[in-house]
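To start, the structure itself, in structure tokens.
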Amino acid sequence: MTTFNFSDTIRSWYEIHKRDLPWRDTRDPYPIWLSEIILQQTRVNQGLPYFERFIEAFPTVQNLAAASQEEVLKLWQGLGYYSRARNLHTAAQQIADRRGIFPDNFKGLLDLKGVGSYTAAAIASFAYDEPVAVVDGNVYRVLSRYYGIDDPINETMGIKKFQKLANEVLDPKHAAQHNQAIMEFGALQCVPSSPDCKVCPLINTCKAYQTGQVDQLPVKIKKTKVLNLHHHYLVAITPSGRTILVQRPQTGIWAGLYEFPFIESNGAMLPQEITGHDVFKDVFGRLRFRESIYNQQPILHKLSHRKIHAYFWIIEVDEELDDAVTVNEMLKKPVHVLMERFIKAYWKLKK
DNA sequence: AAGCCGGGGTT
DNA sequence: AACCCAGGCTT
């Protein structure tokens with residue numbers, strides 16, 4: 001007679017249903033670490049091409065450490081949460097300082113920039129089979145439903161409770177497989193909305209299923225409110241076709257990325273309000289120019305906590321500007337997606 | 001403890 | 001429009 005075992009069940013399920021992902025067939029901490037940073041708050045399908053590009057560009061952690069931050073940010077362009085890229089680069093240099101040797105345990109891994117409790121547990125278990133449980137969004141969902149726990153997953157008490165429970169259900173003899181399995185189970189079977197419980201191997205012992213609470217769990221409180229912003233980008237075009245880019249400050253949104261100079265406002269602006277603005281004068285001085293609006297209707301760019309209403313103004317000037325860059329130089333700079341989309345449309349670039 | 005930090009896919 | 005995603009850092 002055998003007793004029902006949570007870890008055995010999800011690991012058996014995993015061996016049948018697991019996806020074939022390039023960072024799963026290795027114990028090398030470098031690709032494991034790289035994949036985990038890329039996948040933070042990012043879906044597998046979105047992160048996958050970035051993983052391939054990074055491995056191609058930087059086959060070893062030393063290659064990554066030796067790159068410039070701008071090179072790393074450019075490769076990261078479009079993925080979001082750009083502090084991950086800066087931390088990734090810093091951590092690569094930390095590792096290079098150790099002759100390329102990663103810390104070999106959970107505690108040591110936590111010293112790497114950008115590596116928190118989840119990522120340290122993931123690397124420690126996947127690379128070294130250290131019995132430390134990962135707790136990500138998938139794990140919160142699976143455990144909260146299976147055990148019927150309604151503590152909010154974004155409050156200190158709930159976080160501690162789930163971390164403790166996750167370690168209790170972890171089979172220490174199968175740490176790597178167990179951690180992979182519970183996350184894959186959450187990603188493919190115990191999905192956020194309308195999971196197909198009929199085919200779930202845990203259906204007979206799932207608390208949420210028994211009590212009809214599947215769609216109420218996990219509990220997460222507080223919602224981020226969205227702030228509306230209006231950006232009027234000044235797209236300089238010099239006689240030779242060059243333009244002006246400025247780098248954003250090293251803190252805040254899109255830190256360190258490049259964009260056209262812009263005027264912030266509370267809504268639409270008239271041409272004379274643009275050309276009379278201090279920012280405009282700072283960029284173009286007393287040069288002669290011809291201005292035109294590129295998009296009459298604002299382009300909406302939605303982030304998790306902001307909605308940006310973007311207007312692009314084409315400012316053709318009749319003299320060269322000292323700090324202008326060519327289009328090819330511009331394309332080497334890391335930019336956010338709003339910029340990337342405009343650049344591709346305006347200069348009619350392929351891809 | 002709470003807020004900040006992107007972009008894309010689903011519902 | 002709201003929610004979610006192989007979260008971590010800062011204040």
query: Rounded to whole angstrom units, what separation is found between the CG atom of Leu79(A) and the C1' atom of dG7(C)?
result: 13 Å

message: Can you tell me which nucleotide in dG7(C), dC4(C), dC5(B) comes closest to the side chain of Pro192(A)?
response: dC4(C)

message: If you go through the side-chain atoms of Arg84(A), does one of them form a donor-acceptor pair with the base of dC5(B) closer than 3.5 Å?
response: no

- request: Mind checking Val134(A) for me? I need base, sugar-phosphate or nothing, with any heavy atom below 4.0 Å counting as a touch.
  value: nothing

field: Interatomic distance where NE2 belongs to His305(A) and P belongs to dC3(C) [whole Å]
entry: 16 Å

query: Does a salt bridge link Glu340(A) with Lys344(A), judged by any charged N lying under 4.0 Å from a carboxylate O?
result: yes

- prompt: Using a cut-off of less than 4.0 Å, is there contact between a side-chain N or O of Tyr81(A) and OP1 or OP2 of dC5(C)?
  reply: no

task: Return the 5'-most residue of the pair Ser194(A), Arg306(A) with respect to DNA chain B, ranking by each residue's nearest nucleotide.
output: Arg306(A)

- prompt: If you measure only the distance, is there a donor-acceptor pair under 3.5 Å linking the side chains of His230(A) and Asn266(A)?
  reply: no

message: So if I take residues 18-27 of chain A and measure heavy-atom distances to DNA chain C, which residues fall below 4.0 Å?
response: Leu21(A), Trp23(A), Arg24(A)

query: Any donor-acceptor pair under 3.5 Å between the side chain of Thr42(A) and the base of dG6(B)?
result: yes

field: Charged tip of Lys207(A) within 45° of Tyr147(A) ring normal and under 6.0 Å
entry: no

- prompt: How close or far is atom C1' of dA1(C) from atom NZ of Lys302(A), stated in whole angstroms?
  reply: 7 Å

query: For dG7(C), does either OP1 or OP2 sit under 4.0 Å from a side-chain N or O belonging to Arg43(A)?
result: no

- prompt: Could you give the CD1-to-C1' distance, from Ile159(A) to dG7(C), as a whole number of Å?
  reply: 11 Å

- request: Identify whether any heavy atom of Gln180(A) sits under 4.0 Å from a base atom; if not, whether one sits that close to sugar-phosphate; answer base, sugar-phosphate or nothing.
  value: base

task: In whole angstrom, give the distance that lies between atom CZ of Arg86(A) and atom C1' of dT10(C).
output: 13 Å

message: Is it true that Thr119(A) and Gln40(A) share a donor-acceptor pair across their side chains at a distance under 3.5 Å?
response: yes

- prompt: In whole Å, what is the span from the CD1 atom of Ile308(A) to the C1' atom of dC5(B)?
  reply: 12 Å

- line: note: Lys307(A), atom NZ; dC3(C), atom C1'; distance rounded to Å ~ 16 Å

- prompt: Pick the nucleotide of DNA chain C nearest each of Glu184(A) and Val226(A); which residue has the one closer to the 5' end?
  reply: Val226(A)

statement: Nearest-nucleotide check on DNA chain B, Leu257(A) vs Met157(A); residue mapping nearer the 5' end is Met157(A)

task: Decide whether Asn63(A) and Thr60(A) meet the rule of one side-chain donor and one side-chain acceptor closer than 3.5 Å.
output: yes

task: Tell me yes or no: between the side chains of Glu259(A) and His336(A), is some donor less than 3.5 Å from an acceptor?
output: yes

statement: Separation of dC5(B) atom C1' from Trp76(A) atom CH2, nearest Å, is 13 Å

- prompt: Side chain of Thr119(A), base of dG7(C): donor and acceptor closer than 3.5 Å?
  reply: no

field: hbond_proxy Gln46(A) side chain to dG7(B) base (donor-acceptor, 3.5 Å cutoff)
entry: yes

Salt bridge flag under 4.0 Å for residues Glu329(A) and Lys332(A): no

message: At less than 4.0 Å, is any side-chain N or O atom of Gln41(A) found next to OP1 or OP2 of dG7(C)? Yes or no.
response: yes

- prompt: Quick one: which of Tyr209(A), Phe185(A), Trp13(A) gives a side-chain contact (heavy atoms from CB on, under 4.5 Å) with Leu202(A)?
  reply: Phe185(A)

message: With a cut-off of less than 4.0 Å, is there a side-chain N or O of Lys222(A) near OP1 or OP2 of dA2(B)?
response: yes

